[in-house]
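What follows is a short report on a single structure.
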Amino acid sequence: MWSLQSHQGLSNMICTLLCLFWIFRMAIAMLQQTVGGTLQLLSNSGTHCNVGNRSVRLLPKGFKLEVEFPKRAIYSSGKRKLNVIQASTSQTSVVGPLLAPSSSDTLDSHMKPNEVALILIRHGESLWNEKNLFTGCVDVPLTNKGVEEAIEAGHRISNIPVDMIYTSSLIRAQMTAMLAMTQHRRKKVPIILHNEDERARAWSKIYSEDTIEQSIPVITSWKLNERMYGELQGLNKQETADKFGHEKVHEWRRSYDIPPPNGESLEMCAQRAVAYFRDNIEPQLLSGKNILISAHGNSLRSIIMYLDKLTSQEVITLELSTGIPMLYIFKEGKFIRRGSPVAPTEAGVYAYTRRLAQYRQKLDDMLT
């Protein structure tokens, strides 16, 4: 027969277990409310719970609640704190918070950084540049010199992180971006996204998560195209100046709001290019993405006018060399121009920000 003392001991143990079970249920409920999840009872290893991308297990010995973060979990911006509840038959305590991995834990961190890189590259020399013809929106490829310029641009940005690439719909800008990325030390593959229709999306779908992790999405848009030169496209620049006068041609080429016949002015080009930048690229920068834009003289001048808050008179004097990258740092909602990286071994470029220096060091560690 049970003694009264044994009966009281059993009652106390049952009460303790019920309390612990209630505490555990409350903890799981709070976690599920935060990120969602499922609960599973395991016969030998205790109670297991999948909460979002996290693994939670209550071990039978010591009633310890463990929260595990999988390597490939994707976290929202900021550090998320999850408390670990430990319980024994005598007490319950809350011990130190678990933090999601910091931005320095892996090379491609999913934590939102406090600053990101924006790289602008004007395409390398095209075949019509070589022939001194007005190109505008005619789709002309690079010359051999243009290919070399694109590769050199790649050397200059080979230690700067790139998460997404935006180009115009013209082949010379796309070639420049692709060739530049062949020189990047991270060795990720740029892949053009095809969103023209449902079939294009379905046929270009990638089914390997590992392959996706080693890819960089490339988004093309006509709104980043060179300004449309209208009836000047295909004409020789010198012959056109001889025919219409140097002053008139200079006005068409370098004024802000005077377009060539049936073409676009710089102002008209800026309206579409800057609107596209604000609506599509700037939100990606705000979310923590490092962006490369490969485009054209006038579309990039338009974007720089927006970034540097230039006047219409200042922007018409702005000259951009082919194949020379321009680096900006986006931090706390502000764009800070950092100039053009000279070479991957130029230490001064990476002294601009601590984060770029850390990224380069990680590349060195990974590749040595």
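Side chains included, hydrogens not; waters and symmetry mates left out as well; all remaining heavy atoms used.
Residue Ala117 comes nearest to Pro161 through the heavy atom pair CB-O, 4.5 Å, listed as atom of the first residue, atom of the second, then distance. The two residues Val249 and Thr240 make their nearest non-hydrogen contact at CG2-O, 3.7 Å. Scanning all heavy atoms of the two residues, the minimum distance from Arg122 to Ser321 falls at CB-O, 3.8 Å. Contact detail for Gly230 and Met228: the closest heavy-atom pair is N-SD, 2.9 Å. Residues Val140 and Arg172 come closest through the heavy atom pair O-CB, 3.3 Å. The minimum heavy-atom distance between Leu179 and Thr182, with the atom names listed, is O-OG1, 2.5 Å.
Counting only heavy atoms from C-beta outward, the side chains of Ser169 and Asn225 approach each other to under 4.5 Å. Leu224 places a side-chain heavy atom less than 4.5 Å from the side chain of Ile303. At a threshold of 4.5 Å between non-hydrogen side-chain atoms, the residues Leu327 and Ile160 count as touching. Looking at Glu152 and Glu149, their side chains never come closer than 4.5 Å, going by heavy atoms from C-beta outward. Under the 4.5 Å side-chain criterion, counting only non-hydrogen atoms from C-beta, Met305 is not in contact with Leu266. Under the 4.5 Å side-chain criterion, counting only non-hydrogen atoms from C-beta, Leu127 is in contact with Glu130. Using a 4.5 Å cut-off on side-chain heavy atoms (C-beta onward), Met178 and Ile192 make contact. A heavy-atom distance below 4.5 Å is found between the side chains of Ile121 and Leu292.
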* To do: Would you check, one step at a time, whether the test side chain to side chain contact (heavy atoms under 4.5 Å, CB included) holds for Trp128 with Val138?
  => CA-CA 9 Å; Trp128 277 15; Val138 181; 3.7 Å; yes
* Test side chain to side chain contact (heavy atoms under 4.5 Å, CB included) applied to Val315 and Ile304, step by step -> CA-CA 8 Å; Val315 73; Ile304 291 173; over 6 Å; no
* Might you work through the side chain to side chain contact (heavy atoms under 4.5 Å, CB included) test for Ser302 and Val274, ending with a clear yes or no? => CA-CA 7 Å; Ser302 301; Val274 173; 4.2 Å; yes
* Step by step, would you call Asn129 with Thr143 a side chain to side chain donor-acceptor pair (under 3.5 Å)? -> CA-CA 9 Å; Asn129 290 146; Thr143 62; over 6 Å; no
* Asked: Would Met181 and Val162 count as a side chain to side chain contact (heavy atoms under 4.5 Å, CB included) if you check the C-alpha gap in whole Å, the side-chain angles of each, and the deciding distance to 0.1 Å?
  -> CA-CA 9 Å; Met181 291 309 298; Val162 176; 4.2 Å; yes
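Judged as a salt bridge (charged side-chain N to carboxylate O under 4.0 Å, His left out), the pairs with a partner in residues 320-332 (not counting sequence neighbours) are, in order, Glu115-Lys331. Applying the salt bridge (charged side-chain N to carboxylate O under 4.0 Å, His left out) definition to pairs two or more places apart or across chains, none involves residues 217-242. Identified under the salt bridge (charged side-chain N to carboxylate O under 4.0 Å, His left out) test for residues 313-330, with sequence neighbours left out: Arg254-Glu319.
When the side-chain hydrogen bond (donor to acceptor under 3.5 Å, both in side chains) test is applied to Glu282, the partners found at least two apart in sequence or on another chain are Tyr306. The side-chain hydrogen bond (donor to acceptor under 3.5 Å, both in side chains) test applied to Asp308 returns Tyr328, Arg337, not counting sequence neighbours.
Atom CD of residue Glu251 and atom NE2 of residue His246 lie 15.0 Å apart, to the nearest 0.5 angstrom. Here the NZ atom belonging to Lys289 is positioned 13.0 Å from the CG atom belonging to Leu286, to the nearest 0.5 angstrom. Taken to the nearest 0.5 Å, the OG1 atom of Thr135 stands 11.0 Å off from the CG atom of Leu235. To the nearest 0.5 angstrom, Leu285 atom CG is 8.5 Å from Asn290 atom CG. Taking CG of Asn298 as the start and CD1 of Ile316 as the end, the distance is 12.0 Å to the nearest 0.5 Å. One finds the CZ atom of Phe134 at 10.5 Å from the CD atom of Gln233 (value rounded to the nearest 0.5 Å).
Comment: Glu264 engages Arg272 in a salt bridge, judged by a side-chain N to carboxylate O separation of less than 4.0 angstrom. Electrostatic pairing of Lys145 and Glu148 does not count as a salt bridge here, judged by no charged N lying under 4.0 Å from a carboxylate O.
With hydrogens and angles disregarded, a donor-acceptor distance shorter than 3.5 Å links the side chain of Lys188 to the backbone of Glu213. When atom types are taken as modelled, the side chain of Ser126 and the backbone of Leu142 share no donor-acceptor pair closer than 3.5 angstrom. Ser299 places no side-chain N or O within donor-acceptor distance of the main-chain N or O of Ala295, the cut-off being under 3.5 Å.
Residues Ser168 and His296 bring a donor and an acceptor atom of their side chains to less than 3.5 Å of each other. Between Asn280 and Ser221, the side chains place no donor N or O within less than 3.5 Å of an acceptor N or O (distance only, hydrogens not considered).
Taken together through direct or relayed side-chain contacts under 4.5 Å among Ile, Leu, Val, Met, Phe, Trp and Tyr, Val147 and Ile165 form parts of separate hydrophobic clusters. Hydrophobic clustering (side-chain heavy atoms under 4.5 Å, transitive across Ile, Leu, Val, Met, Phe, Trp, Tyr) groups Leu193 together with Tyr166. Cluster annotation: Tyr229 is not connected to Trp222 through the hydrophobic network of ILVMFWY side chains, with a link wherever side-chain heavy atoms come within less than 4.5 Å. With hydrophobic clusters built from ILVMFWY side chains whose heavy atoms lie under 4.5 angstrom apart, Val218 does not share a cluster with Ile171. If you chain together hydrophobic residues whose side chains sit under 4.5 Å apart, Tyr276 and Leu170 never meet in one group.
Residue-environment remark: CD (Glu196) exceeds the threshold of 12 foreign heavy atoms within 6.0 Å. No more than 12 heavy atoms of other residues, nucleotides or ligands sit less than 6.0 Å from atom CG of Asn144.
Think of Trp203 as one node in a network of Ile, Leu, Val, Met, Phe, Trp and Tyr side chains linked at under 4.5 Å; it has no links at all.
If you look at Trp252 and Phe244, their ring centroids are closer than 6.0 Å.
The aromatic rings of Phe335 and Phe330 are tilted relative to each other, their planes meeting at an angle between 30° and 60°.
Between Leu120 and the options Ile291, Leu320, Ile324, Ile293, a side-chain contact (heavy atoms from CB on, under 4.5 Å) holds for only Ile293.
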